Enquirer: 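A single structure is presented below for examination.
Not measured: the values here are computed from a predicted model.
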Amino acid sequence: MDWLTTVDHKKIGILYMIAGLLFFLVGGLEAILIRIQLMKPLNNVVSPDTFNELITMHGTTMIFLAAMPLLFALMNAVIPLQIGARDVAFPFLNSLGFWTFFFGGLLLNISWFAGAVPDAGWTSYVPLAGPSYNDTHGVDYYVLGLQIAGIGTLLGGINFMATIINMRAPGMTFMRMPMFTWAIFITSALIVFAFPVLTVGLVALMFDRLFGANFFETGAGGNGVLWEHIFWVFGHPEVYILILPAFGVISEIVSTFSRKRLFGYSSMVFATVLIAFLGFMVWAHHMFTTGLGPVANGLFSIATMLIAVPTGIKIFNWLFTLWGGSIRFTTASLFGIGFIPTFVMGGVTGVMLASAPADFQYHDSYFVVAHFHYVIVGGLIFGIFAGLHYWWPKMFGRMLNEGIGKITFWTFFIGFHLTFFVQHFLGLLGMPRRVFTYLPHQGFDTMNLISSIGAFLMGIGTIAFLINIFITWAKPRNAAADAWEDGRTLEWTIPSPPPEYNFKQTPLVRGYDAWWKEKMDGNTEMTPAEPVGPIHMPSNSILPLIMSIGLFIAGFGFMYDHLAVTICGLAVTFICMFLRSVYDDHGYHIEPEDQDKGVQA
């Protein structure tokens with residue numbers, strides 16, 4: 001019951017992690033099935049229809065239901081600790097964000113059991129996803145599942161913006177914030193601006209499908225290219241919503257494990273802001289082949305190439321941080337260091353795709369698949385693995401096994417490059433993406449086999465990570481507060497795992513890398529900014545869970561045109577909102593004499 005009602009950011013972070021890993025396994029299984037089907041020419045392991053369902057669900061699951069929650073897991077676990085806060089700004093909203101995401105993801109994946117699976121690609125392009133060409137309920141699951149899950153993400157973005165602006169410890173100015181906190185701050189702003197665009201698009205598509213509207217129905221005067229614009233105005237910032245937190249993780253890890261201050265901190269901050277700003281200016285580079293004309297193509301080409309500049313600044317700053325440092329090769333730092341060349345390769349192919357004339361050749365070939373995975377898996381997933389290994393002792397009080405961790409890294413790293421490196425050449429040879437099979441003797445056979453073998457290796461790496469989690473679970477909670485001994489930021493000043501109130505006394509921050517600065521001055525703990533006193537804590541609540549179940553039920557009602565079910569579901573949600581509004585819950589206080597008990601427990 002404690003886990004179902006919790007509003008503690010650390011527990012919500014763990015819930016996000018469990019859900020994210022669950023969906024990661026589902027998405028990975030879908031990927032393995034895709035690679036088995038493409039292992040050899042004219043293979044018939046799955047039918048063409050099932051293949052379309054697999055690539056749609058793989059993309060959608062990995063981006064919205066695996067990558068996003070794993071990032072939110074790290075955000076929840078780390079951000080309040082890094083800024084010296086006792087919780088996020090809106091604990092209730094934090095819980096609601098998790099449960100709406102979870103039930104949205106559940107609704108989407110129930111489609112496998114309902115016999116109507118989304119099959120229009122993860123971008124769900126119309127008219128393919130419209131009612132004329134897709135009259136089953138498959139795309140309805142996509143539309144409603146993502147709308148419900150998107151509420152959770154949007155709430156999270158608002159919450160973390162408010163938290164970082166309002167709840168930093170005394171002395172922590174913006175230019176003293178850790179790089180991970182900066183990355184999450186910018187990401188939260190991107191979420192707040194980008195996700196409403198997706199919501200508008202999904203609502204319009206829902207009206208087309210359920211109520212016979214004609215936003216995208218060409219025959220009735222709608223416009224199919226409009227969906228592409230709406231989707232990519234959201235979709236391109238989404239790529240940066242995913243990658244900027246990974247940049248933040250890498251900044252923390254490179255700095256900690258080379259025992260050096262991050263090189264060029266202020267330039268890193270401004271590069272992050274610039275990437276976020278330019279991220280909204282480049283969406284139509286996904287649409288060079290739709291006939292926007294040479295002026296639009298030229299402008300979006302230039303804007304896309306400009307984004308390479310702040311990204312390059314970051315790459316060089318990481319390299320200069322490593323340069324001359326006393327580097328420790330832990331699993332976290334291996335993932336961090338492996339991230340750098342891998343992401344550079346993804347960036348280089350991105351600049352190639354930014355050239356509109358060249359894009360006419362690359363577009364809709366496996367070259368784009370390779371580029372996308374180099375950025376998202378080679379960037380984001382490496383960053384998430386690095387972050388999980390790095391902050392695991394802080395979240396759970398137990399160190400992950402380094403030996404198994406290194407097996408995870410090498411199998412995943414080698415498997416990744418085997419899978420996707422050859423796909424660049426498959427694309428250049430002319431293999432189109434989204435095809436379920438291909439004819440022999442076109443030069444595709446060997447490379448597809450290599451690619452599939454690589455995918456199995458990545459699967460083995462993921463299994464090794466899960467084994468590591470289970471082995472670690474049996475160990476006692478004996479991780480030190482400063483688990484890596486070289487911690488630089490505030491989260492390493494408190495016990496692992498932290499007590500429910502995080503900080504007994506709010507710390508006073510005297511500079512960038514606050515904890516490292518205190519250690520260099522010979523101090524063994526942070527200077528407190530307040531005396532010991534009662535600590536105010538928010539109360540647990542079951543309402544977020546029930547509200548999300550209400551939306552989940554209403555989703556089915558909308559989909560199957562069942563008015564009573566829809567009204568029941570929405571009524572549950574609105575009653576919970578009403579109860580939350582009229583019932584004043586002032587939380588409770590932990591008195592000073594009870595605070596040390598909390599640490600021992």
Side-chain angles (χ1 to χ4, degrees), residues 74-75 78-86 88-89 157 159-193 240-241 243-256 258-279 309-323 325 336 383 387 390-391 486-493 502-503 506-521 523 526-530:
L74 293 178
M75 284 159 73
V78 177
I79 292 298
L81 306 182
Q82 278 202 337
I83 62 173
R86 293 210 164 103
V88 293
N159 207 344
F160 279 96
M161 270 186 88
T163 304
I164 294 168
I165 290 170
N166 289 324
M167 300 184 68
R168 285 163 296 145
M172 184 173 279
T173 59
F174 271 101
M175 292 312 282
R176 284 178 179 174
M177 290 196 320
M179 207 55 230
F180 181 64
T181 305
W182 258 114
I184 297 304
F185 180 55
I186 306 293
T187 301
S188 302
L190 282 174
I191 287 172
V192 169
F193 286 111
Y240 293 102
I241 288 169
I243 207 66
L244 287 179
F247 284 174
V249 172
I250 302 307
S251 300
E252 298 290 323
I253 283 171
V254 161
S255 178
T256 299
S258 57
R259 292 178 61 97
K260 277 176 68 184
R261 181 190 161 115
L262 187 67
F263 184 92
Y265 170 79
S266 52
S267 66
M268 290 289 254
V269 170
F270 292 118
T272 310
V273 175
L274 195 57
I275 288 171
F277 178 73
L278 288 171
V309 178
T311 312
I313 290 170
K314 284 182 162 295
I315 301 290
F316 282 113
N317 282 354
W318 290 325
L319 293 176
F320 289 142
T321 307
L322 289 166
W323 183 268
Y390 179 57
W391 280 304
D486 297 319
R488 308 181 76 85
T489 42
L490 291 177
E491 74 267 31
W492 304 110
T493 63
N502 296 349
F503 294 90
T506 304
L508 180 67
V509 174
R510 299 194 300 139
Y512 174 65
D513 276 349
W515 175 223
W516 187 259
K517 182 175 172 55
E518 298 294 335
K519 287 196 285 192
M520 291 302 103
D521 289 349
N523 299 327
M526 295 296 296
T527 310
E530 60 176 11

Enquirer: If you compare all heavy atoms of L490 against all heavy atoms of T493, which two are closest, and at what distance to 0.1 Å?
Expert: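 Nearest pair, atom of L490 first, then T493: O-OG1, 2.6 Å.
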Enquirer: Could you tell me whether the side chain of E491 and the main chain of L81 form a donor-acceptor pair under 3.5 Å?
Expert: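 Between the backbone of L81 and the side chain of E491 there is no qualifying donor-acceptor contact (under 3.5 Å).
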Enquirer: Does the side chain of M167 reach to within under 4.5 Å of the side chain of R86, using non-hydrogen atoms?
Expert: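 Answer no - side chains too far apart.
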Enquirer: Does the side chain of T527 come under 3.5 Å of the side chain of R510 through a donor N or O and an acceptor N or O?
Expert: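 Not at all, the side chains of T527 and R510 share no donor-acceptor pair under 3.5 Å.
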Enquirer: Provide the full list of side-chain hydrogen bond (donor to acceptor under 3.5 Å, both in side chains) pairs with a residue in residues 167-181, sequence neighbours left out, each pair given once.
Expert: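 Qualifying pairs: Q82-T181.
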Enquirer: What closest approach, in Å, do A89 and T163 show between heavy atoms, and which atom pair accounts for it?
Expert: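 The pair with the smallest heavy-atom distance is N-OG1, 2.8 Å.
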Enquirer: Under the rule for side chain to side chain contact (heavy atoms under 4.5 Å, CB included), what residues qualify as partners of P245, not counting sequence neighbours?
Expert: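 Result, side chain to side chain contact (heavy atoms under 4.5 Å, CB included) vs P245: L71, I184, T187.
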Enquirer: Please report the closest heavy-atom contact between I250 and G383, naming both atoms and the distance.
Expert: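 Minimum heavy-atom contact is CD1-CA, 4.2 Å.
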Enquirer: Considering residues at least two apart in sequence or located in another chain, which fulfil the side chain to side chain donor-acceptor pair (under 3.5 Å) criterion with K517?
Expert: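 Once residues adjacent in sequence are excluded, K517 has no partner under the side chain to side chain donor-acceptor pair (under 3.5 Å) criterion.
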Enquirer: If you look at every heavy atom in G487 and K519, which pair is closest and at what distance?
Expert: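 Smallest interatomic distance, heavy atoms only, reads O-NZ, 2.9 Å.
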Enquirer: Using modelled atom types only, decide if a donor and an acceptor are shared between the side chain of T256 and the backbone of I253 within a distance under 3.5 Å.
Expert: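 No, because the side chain of T256 does not come within donor-acceptor range (under 3.5 Å) of the backbone of I253.
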Enquirer: Taking all atoms of both residues into account, what is the closest heavy-atom pair of M161 and V192, and its distance?
Expert: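 It is SD-CG2, 3.9 Å.
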Enquirer: Mind checking the CE-CE spacing from M177 to M172? Nearest 0.5 Å is all I need.
Expert: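 One gets 8.0 Å once the value is rounded to the nearest 0.5 Å.
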Enquirer: So do I191 and F160 actually touch side chain to side chain, heavy atoms under 4.5 Å?
Expert: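 Counting from C-beta outward, F160 and I191 never come under 4.5 Å.
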Enquirer: To the nearest 0.5 angstrom, please state how far the CZ atom of F277 sits from the OH atom of Y240.
Expert: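 The OH atom of Y240 is 13.5 Å from CZ of F277, to the nearest 0.5 Å.
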Enquirer: When you compare the side chains of W391 and E252, does any donor N or O come within less than 3.5 Å of an acceptor on the partner?
Expert: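 Side-chain D/A pair, W391 to E252: absent.
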Enquirer: Do F263 and W323 have side chains that get closer than 4.5 Å, going by heavy atoms?
Expert: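 Not in contact.
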Enquirer: With a 4.5 Å limit on heavy-atom distance, are the side chains of F185 and I164 in contact?
Expert: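 Yes; the side chains approach each other to less than 4.5 Å.
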Enquirer: What's the shortest heavy-atom distance between F320 and K260, and which atoms?
Expert: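 Heavy atoms of F320 and K260 come nearest at O-NZ, 3.1 Å.
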Enquirer: Does a side-chain heavy-atom distance below 4.5 Å link F180 with L74?
Expert: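 They are in contact (side-chain heavy atoms under 4.5 Å apart), so the answer is yes.
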Enquirer: Once side chain to side chain contact (heavy atoms under 4.5 Å, CB included) is applied, do any residues pair with V273, and if so which ones, sequence neighbours excluded?
Expert: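 For V273 the side chain to side chain contact (heavy atoms under 4.5 Å, CB included) partners, ignoring immediate neighbours, are I186.
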Enquirer: Check whether any side-chain heavy atom of V249 sits under 4.5 Å from a side-chain heavy atom of Y390, and report yes or no.
Expert: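 Side-chain contact under 4.5 Å: no.
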Enquirer: Identify, with sequence neighbours excluded, every residue that meets side chain to side chain contact (heavy atoms under 4.5 Å, CB included) alongside R259.
Expert: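 Listed in chain order: S326, D486, W516.
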Enquirer: Would you indicate whether the side-chain heavy atoms of M179 and Y265 approach each other to under 4.5 Å?
Expert: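 Sidechains of M179 and Y265: in contact.
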Enquirer: OG/S188 to CD1/I79 distance, rounded to the nearest 0.5 angstrom?
Expert: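 So the gap between those two atoms works out to 8.0 Å.
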Enquirer: Supply the atom-to-atom distance T489 OG1 to I83 CD1, rounded to the nearest 0.5 angstrom.
Expert: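 Spacing of OG1 (T489) from CD1 (I83) equals 12.0 Å.
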Enquirer: Where does the angle between the aromatic ring planes of F247 and W318 fall among parallel (under 30°), tilted (30 to 60°) and perpendicular (over 60°)?
Expert: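 Ring orientation, 0 to 90° scale: perpendicular.
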Enquirer: Looking at residues at least two apart in the chain, or sitting in another chain, which of them share a side chain to side chain donor-acceptor pair (under 3.5 Å) with S267?
Expert: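 With neighbours one apart ignored, the set is N317.
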Enquirer: Is there a side-chain contact between L262 and Y512, using heavy atoms and a 4.5 Å cut-off?
Expert: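 A side-chain contact exists here, since the closest heavy-atom pair is under 4.5 Å.
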Enquirer: Count the heavy atoms of every other residue, nucleotide or ligand shown that sit under 6.0 Å from CZ of F316, and state whether that count exceeds 12.
Expert: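 12 or below, so no.
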Enquirer: For the OG1 atom of T311 and the CG atom of L278, what is their distance to the nearest 0.5 Å?
Expert: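 So the OG1 of T311 and the CG of L278 are separated by 9.0 Å.
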